2 protein chains.
Amino acid sequence: MTVTGSKGRRARLRAETTAEIKKVALALMASGGPDAITLRAIAREMGMTANAIYGYFATRDDLVTTLINDVYTALADAVDAAWEAAPATDPAIRITAWATAFRTWAVVNPQGFRLIYGDPVPGYHAPEGGPAPDAARRVCTGLTALAAAAWPHTQHLYEDSAFGWSDFDQGLLDKVRPAFPDLPPAAVALALRIWGHLHGLVSLEVYGHMHTQTTNPEKLFEEELVQLVQMLGVPRRS
Amino acid sequence: MTVTGSKGRRARLRAETTAEIKKVALALMASGGPDAITLRAIAREMGMTANAIYGYFATRDDLVTTLINDVYTALADAVDAAWEAAPATDPAIRITAWATAFRTWAVVNPQGFRLIYGDPVPGYHAPEGGPAPDAARRVCTGLTALAAAAWPHTQHLYEDSAFGWSDFDQGLLDKVRPAFPDLPPAAVALALRIWGHLHGLVSLEVYGHMHTQTTNPEKLFEEELVQLVQMLGVPRRS
DNA sequence: CAATTTACTTCACAGCGTATAGTTTCTTCA
DNA sequence: TGAAGAAACTATACGCTGTGAAGTAAATTG
């Protein structure tokens, strides 16, 4: 170990270069969309040859996969932080905070949102199981926390739910059930449905489809949240 | 006029070639995704040179824009047909039919869905106002019909809505208000929110994000519809 | 100091959109 | 019928992309 805390100069330089490649790639994405992530453009920006990048990422898809992971993790961090920052005693505020953070992140990082949820980049094919199932599951777990917070008030609506544990992916359940042992399958289904609601509105907005219809997508989203909280039966000020 | 009903052999051949280009492009899209729509591939398939296509479409984006229009129109046709086919006397069934047709179309034509709602194709930039605002508005009008059918039962939930006509795009209102003169702004907002709900669930499914969470996205969507009808307060069998 | 590993460059290839120029074929009109 | 013109299409070329193979220079290691 050295003063830099690394395992030698070589490894440190390598890590720095890797970080710079990702940084430049993200900058290109932010300015020109996911399509702008080309090896040659990154190399140009770094004063290198495109092929030099192959020393760090086996292929362009590998790089993109890494980026998706990073960006997805940033999103998960953002919504988790908003959740934690809101008072645990007031589910309505917490839920609203989570969802607002979700939309805000997407609107601020539209290219990141596209990278995660869209066709990321020309010809990109995700590796088996998707590029970021982990971050995806973090988001889903956050959503389940949301549903769990509301569940005492809302479960009466789902008493004849047909959902069983077998309707869900085992990987998701492995994360969700330990965290919320008392939650029934119907609540997980509710969480996924809420995800769909929020994702739909945000996605239409980010991809510019809402813009052709409403001049105020933010207002629409806020209305959605009001109705969501109301639908969940969560008391508005506790 | 001739027996073929065309304006001359030349024009007919031209129309046929145009149609073939689009047909081949759609076939390529269906098999390889929107990315597979390349002029050279189309030309190869047709036994032509890539440049020959420039006689029919000024640029590749032009072709893609036309395709989006066609595909979007097909989607609009599908949901409209489902709406019309369902009994006008039962809003619950009509709404369910519309939404089911929406998801079914998307699941059957995932590449078409991506073409319409995703980053269509590498480097594609939609012309001003989007490529298919017309078809988009047809879908929105259908959604508004949905909201209108439910409105008598559900308006009591939105009596203190803050929405005004200025919150919506004029082009949308021009189509919607004549068709539903008595509908308030709050109902249009509801329609857009419902669009978001459905789009989100379908979009997550089509893009493979649901697959990592649930083994049964169809069931989830059906649950959504049950809850949607319930939320709207529409009587279930009239 | 010599051997090896690592980082990077150079060259090459195929595929992409598309601009320009040239060629062939069809339509039209005197 | 034959010449003029338009239309359809091809050929060539340029710059962009990802990526493979081979070569080079520097750092590390024995």
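Here is the naming used below: chain letters follow the sequence lines, and residue numbers restart at 1 for every chain. What you see is a predicted model; the values in this text were computed from it and never measured.
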Interatomic distance, [X] [atom1] vs [N] [atom2] [rounded to whole Å]:
X       : N      : atom1 : atom2 : result
A:Arg12 : C:dA7  : CZ    : C1'   : 16 Å
B:Ile21 : D:dC9  : CD1   : C1'   : 12 Å
A:Asn51 : C:dC11 : CG    : P     : 12 Å
A:Met48 : D:dA26 : CE    : C1'   : 16 Å
A:Ile37 : D:dG18 : CD1   : P     : 10 Å
B:Leu63 : C:dG17 : CG    : P     : 10 Å
B:Asp62 : C:dG17 : CG    : C1'   : 13 Å
A:Leu28 : D:dG18 : CG    : P     : 11 Å

Does a side-chain N or O from [X] land closer than 4.0 Å to OP1 or OP2 of [N], or not?
X       : N      : result
B:Arg14 : D:dA8  : yes
B:Arg44 : C:dC16 : yes
A:Thr59 : D:dT19 : yes

(Q) Tell me if a side-chain donor or acceptor on A:Thr214 pairs with a main-chain N or O of A:Met210 at a distance below 3.5 Å. (A)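 Looks like no, no N/O pair under 3.5 Å.
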
Q. With a 4.5 Å heavy-atom cut-off, do B:Thr18 and B:Phe57 have their side chains touching?
A.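 Yes; the side chains approach each other to less than 4.5 Å.
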
Q: Would you mind reporting whether B:Arg138 and B:Lys175 have side-chain heavy atoms less than 4.5 Å apart?
A: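 The answer is yes; the side chains approach within 4.5 Å.
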
Ignoring the backbone of [X], work out which of [options] is nearest its side chain.
X       : options                : answer
A:Leu39 : D:dT19, C:dT18, C:dT9  : D:dT19
B:Ala41 : C:dC8, C:dC16, D:dT19  : C:dC16
B:Arg40 : D:dT10, D:dA13, C:dC11 : D:dA13
B:Arg60 : C:dT9, D:dT19, C:dG17  : C:dG17
A:Tyr54 : D:dT19, D:dC9, C:dT18  : D:dT19

Q. How far does CG of A:Leu192 sit from CD of B:Gln213, to the nearest 0.5 angstrom?
A.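 It comes to 6.5 Å.
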
Answer with base, sugar-phosphate or nothing: what part of the nucleic acid does [X] contact at a heavy-atom distance below 4.0 Å?
X       : answer
A:Tyr56 : sugar-phosphate
A:Thr17 : nothing
A:Thr38 : sugar-phosphate

Q: Applying side-chain contact (heavy atoms from CB on, under 4.5 Å) between A:Phe102 and each of A:Val107, A:Leu198, A:Leu143, report the one that passes.
A: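 Only match with A:Phe102 under side-chain contact (heavy atoms from CB on, under 4.5 Å): A:Leu198.
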
